[in-house]
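Read through the structure below, which is laid out as structure tokens, and then see the notes.
Values reported hereafter were calculated over all heavy atoms of this structure, with side chains retained and with hydrogens, waters and symmetry mates removed. Everything numeric here is computed off the predicted structure, so don't read it as measured data.
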Amino acid sequence: EVQLQASGGGLVQAGGSLRLSCAASGVTFDDVAIGWFRQAPGKEREGVSCTSPSDGTTYYTNSVKGRVSISSDNAKNTVYLQMNGLKPEDTAVYYCAANHHPPVDGIACSHGVGFGSWGKGTQVTVSS
């Protein structure tokens, strides 16, 4: 059974940084793509960033490009989302999920197509 656990959220001031972690179990990183998604109150879920650890391909939604970096530690079965220059509009619950047909393209990442095994989210709150 694939299980994902997101952590690392918190309350930060605008301009601050956070590193989110997605720990995966029951899955081999070579066989999946991992995506980070977020959902703010009253808004639809959106894909933030995705990576396919087997070949290193990555995707970032336009609103986070240049501020966010996704990386994976295959030995630890963990994917990280380093977020810098945080803005109030980044406030949301962040989730990670796995796609068992890597690599994924921007459309699949942005809309969560093919992603299952969703973990519980972690709250990110950015104060102005």
Provide the closest heavy-atom pair for [X] versus [Y] in the form atom of the first, atom of the second, distance.
{"X": "Val104", "Y": "Cys50", "answer": "CG2-CB, 3.9 Å"}
{"X": "Asn74", "Y": "Ser72", "answer": "OD1-OG, 3.2 Å"}
{"X": "Leu20", "Y": "Gly9", "answer": "CD2-N, 3.6 Å"}
{"X": "Gly116", "Y": "Ala97", "answer": "O-CB, 3.6 Å"}

Problem - Polar contact flag, side-chain donor to acceptor under 3.5 angstrom, Thr28-Asp30 - result: no
Practice task
Start with the C-alpha distance between Cys22 and Leu4, add both sets of side-chain angles, then the distance that settles side-chain contact (heavy atoms from CB on, under 4.5 Å), and finish with yes or no.
Solution key: CA-CA 6 Å; Cys22 176; Leu4 300 173; 4.1 Å; yes
Problem - Heavy atoms of other groups near His100 NE2, more than 12 under 6.0 Å - result: yes
Exercise for the section: Applying side-chain contact (heavy atoms from CB on, under 4.5 Å) between Tyr80 and each of Met83, Gln82, Lys76, report the one that passes. Expected result: Lys76
Handout entry: Option passing side-chain contact (heavy atoms from CB on, under 4.5 Å) with Arg38 (candidates Val64, Leu81, Val124)
Key = Val64
Pairwise distance [atom1]([X]) to [atom2]([Y]) - rounded to 0.5 angstrom:
{"X": "Thr51", "Y": "Phe29", "atom1": "OG1", "atom2": "CZ", "value": "9.0 Å"}
{"X": "Ser52", "Y": "His101", "atom1": "OG", "atom2": "NE2", "value": "12.5 Å"}
{"X": "Leu18", "Y": "Leu11", "atom1": "CG", "atom2": "CG", "value": "9.0 Å"}
{"X": "Cys96", "Y": "Phe37", "atom1": "SG", "atom2": "CZ", "value": "9.5 Å"}
{"X": "Gln13", "Y": "Ser128", "atom1": "CD", "atom2": "OG", "value": "9.5 Å"}
{"X": "Asp90", "Y": "Ser63", "atom1": "CG", "atom2": "OG", "value": "7.0 Å"}

Mark yes or no for whether [X], through its side chain, and [Y], through its backbone, hold a donor-acceptor pair below 3.5 Å.
{"X": "Thr91", "Y": "Val126", "answer": "yes"}
{"X": "Ser49", "Y": "Tyr59", "answer": "yes"}
{"X": "Tyr60", "Y": "Ile70", "answer": "yes"}

Joint cluster assignment, [X] & [Y], ILVMFWY side-chain distance < 4.5 Å:
{"X": "Val93", "Y": "Val48", "answer": "no"}
{"X": "Phe115", "Y": "Val2", "answer": "no"}
{"X": "Tyr94", "Y": "Ile34", "answer": "yes"}

Practice task
Take Gln3 and Gln5 through the test side-chain contact (heavy atoms from CB on, under 4.5 Å) and record every step on the way to the result.
Solution key: CA-CA 7 Å; Gln3 291 187 334; Gln5 179 63 56; over 6 Å; no
